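Just so we're clear, the structure is a prediction, and the values are computed from it rather than from any experiment. What's counted below: heavy atoms across the whole structure, side chains too, no hydrogens, waters or symmetry copies.
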Amino acid sequence: MAEESVAAVTDFPVKRAREEENSMSENNVNGVSASTVSAEMENSNKEPDCISSVIPGWFSEISPMWPGEAHSLKVEKILFQGKSQFQHVMVFQSSTYGKVLVLDGVIQLTERDECAYQEMITHLPLCSIPNPKKVLVIGGGDGGVLREVSRHTSVEQIDICEIDEMVVNVAKQFFPDVAVGYEDPRVRLHIGDGVAFLRGAPQGTYDAVIVDSSDPIGPAQELFEKPFFESVAKALRPGGVVCTQAESIWLHMHIIEDIVANCRQIFKGSVNYAWTTVPTYPSGVIGFMLCSTEGPPVDFKHPMNPIDAVEGHGNSKRPLRFYNSEIHAAAFCLPTFAKKVIDSKAK
């Protein structure tokens, strides 16, 4: 997550009208009070972070993770700003991508393109194994991965461990079509450290673990390190699968190289890298590391449990917008420069 931000626009409106504040504080979404969200807006009259001083009214994503470049979105209105125990949280209405969730100055999702990430990080692993029953989500406080997991009717238990409760509350308040995943009765929410949660998980508990993390600086740093992957492998059953956010091939091949090397040491089944397009993520693409433990073989490149062939997709009333079996297979086709680096780690 970003550690740097550009100067704020002094004349940009950041305070909601009083009647809007009252209606938000009275709103109780999915049985969860939004009072904690509303309380954080009391200090929202300060200048917002990450609003470009070069072009007033534009959000510019600047980070040491992608030096020398920035992606900008035009801001119609800032809807929320708050500082949790772990990070700065902001929601704004953009001109072209709907509402946008930002953590520490880095875009986490937009209403327009969140489907490309949420659907792929979920269905790439779950469609690669037969009848997944127990699924763990690390991170993913916005609820989008939960929404996608709930499409799989074979799943009996969905645990999620999110470190920042503010992210959960803000998502329920401002992104109900994403946070709808929390409404599934199979979901059990744990607020806490995902690393510690996995350490305490009994061996062989889960069929799949999905790690929906932000970038490897700040609260998410441990989720990219070798001890974490070892805990994931322990928590998976034989032939179980993990899918973790694995950065951009255009910006972070050095990080990807380390992740692949660690995973090949730890996971004795399949180890593969896939990618997808997300226009509002740095460089417009994001990758996924998919691994399986020793046991029944897993062929990630050819889905055996095709969710797009199932009418109604489990409990979800929302049709798939991005994922299908063809794009599943295509996600593992890598450009030559990335394939050479990743394949070299198999030797």
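Atom OG of Ser283 sits about 4.5 Å away from atom CG of Leu251, to the nearest 0.5 Å. Atom CZ of residue Phe175 and atom OG1 of residue Thr110 lie 8.5 Å apart, to the nearest 0.5 angstrom. One distance of note links OG of Ser270 with CZ of Arg264; it measures 9.5 Å at 0.5 Å rounding. In this structure, OG1 in Thr277 is found 14.0 Å from OH in Tyr117, a value given to the nearest 0.5 Å. Distance check: Asp142 CG to Lys172 NZ gives 12.0 Å after rounding to the nearest 0.5 Å. Atom CG of Leu79 is separated from atom CZ of Phe174 by 5.5 Å, given to the nearest 0.5 angstrom.
Between Leu124 and Tyr323, the shortest heavy-atom contact is N-CE1, 4.3 Å. Across all their heavy atoms, Ser292 and Val241 have their closest contact at CB-CG1, 4.1 Å. Smallest separation of non-hydrogen atoms from Ala274 and Leu290: CB-CD1, 3.9 Å. Taking each heavy atom of Asn272 and Met289 in turn, the nearest pair found is O-CE, 3.4 Å. Between Pro125 and Cys243, the shortest heavy-atom contact is CG-CB, 3.5 Å. Closest approach of Leu73 and Tyr97 over heavy atoms only: CD2-CD1, 3.7 Å.
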### Query
What's the verdict on side chain to side chain contact (heavy atoms under 4.5 Å, CB included) for Met120 and Phe288, showing C-alpha distance, side-chain angles and the deciding distance?
CA-CA 9 Å; Met120 292 294 277; Phe288 309 105; 3.8 Å; yes
### Task
Mind running side chain to side chain contact (heavy atoms under 4.5 Å, CB included) on Arg151 and Leu320 for me, showing each step along the way?
CA-CA 10 Å; Arg151 296 182 190 273; Leu320 288 165; 3.5 Å; yes
### Derivation and outcome, side-chain hydrogen bond (donor to acceptor under 3.5 Å, both in side chains), residues Asp113 and Tyr281
CA-CA 10 Å; Asp113 65 6; Tyr281 282 179; over 6 Å; no
### Task
Evaluate the side-chain hydrogen bond (donor to acceptor under 3.5 Å, both in side chains) criterion for residues His302 and His328: first the C-alpha distance (whole Å), next the side-chain angles of each, then the deciding distance (0.1 Å), finally the verdict.
CA-CA 8 Å; His302 300 93; His328 179 126; over 6 Å; no
### Message
Quick one, Val100 with Leu109, criterion side chain to side chain contact (heavy atoms under 4.5 Å, CB included). Give me CA distance, side-chain angles, the key distance, then yes/no.
### Response
CA-CA 6 Å; Val100 181; Leu109 68 84; over 6 Å; no
### Full working for side chain to side chain contact (heavy atoms under 4.5 Å, CB included) between Leu101 and Val89
CA-CA 8 Å; Leu101 174 64; Val89 181; 4.1 Å; yes
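Between Arg318 and Glu119 there is a salt bridge, since a side-chain N of the basic residue sits under 4.0 Å from a carboxylate O of the acidic one. The pair Glu114-Arg147 meets the salt-bridge criterion, since a charged nitrogen lies less than 4.0 angstrom from a carboxylate oxygen. Using a 4.0 Å cut-off between charged side-chain N and carboxylate O, Asp184 and Arg186 make a salt bridge. Between Lys134 and Asp207 there is no salt bridge, since none of the side-chain N atoms of the basic residue sits less than 4.0 Å from a carboxylate O of the acidic one.
The backbone N or O of Ala116 lies less than 3.5 Å from no partner atom in the side chain of Arg321, so there is not a single donor-acceptor pair. A donor-acceptor pair under 3.5 Å is absent between the side-chain atoms of His152 and the main chain of Lys133, judged by distance alone. Between the side chain of Asn305 and the backbone N or O of Ser128 there is no donor-acceptor pair closer than 3.5 Å. Judged by distance alone, the side chain of Glu111 and the main-chain N or O of Gly98 form no donor-acceptor pair under 3.5 Å. A donor-acceptor pair is defined here as one N or O able to donate and one able to accept, closer than 3.5 Å; such a pair exists between the side chain of Gln245 and the backbone of Ser213. With hydrogens and angles ignored, the 3.5 Å screen pairs a side-chain donor or acceptor of Thr293 with a backbone N or O of Gly239. Panel note: side chain Glu61, backbone Ile107; a donor-acceptor pair is recorded below 3.5 Å. Although no hydrogens or angles enter the test, the distance criterion places no donor-acceptor pair under 3.5 Å between the side chain of Glu156 and the main chain of Ser154. Distance alone, capped at 3.5 Å, is enough to place a donor-acceptor pair between the Trp275 side chain and the Cys333 backbone.
No more than 12 heavy atoms of other residues, nucleotides or ligands lie within 6.0 Å of NZ in Lys301, so this atom counts as exposed by the packing criterion. When the shell of 6.0 Å around CD of Gln157 is examined, it contains more than 12 heavy atoms from other residues, nucleotides or ligands. Taking a 6.0 Å sphere around NZ of Lys99, one finds it holds more than 12 heavy atoms contributed by other residues, nucleotides or ligands.
Between the side chains of Gln85 and Asp164, no donor N or O sits under 3.5 Å from an acceptor N or O.
A distance below 6.0 Å separates the ring centres of Phe337 and Trp250.
For Lys74 and Phe59, the positive end is not near the middle of the six-membered ring at less than 6.0 Å and at most 45° from its axis.
Classification of the Phe197-His190 ring pair by plane angle, with boundaries at 30° and 60°, yields tilted.
For the side chain to side chain contact (heavy atoms under 4.5 Å, CB included) with Gln118, the qualifying choice from Leu146, Asp212, Val278 is Asp212, the only one to do so.
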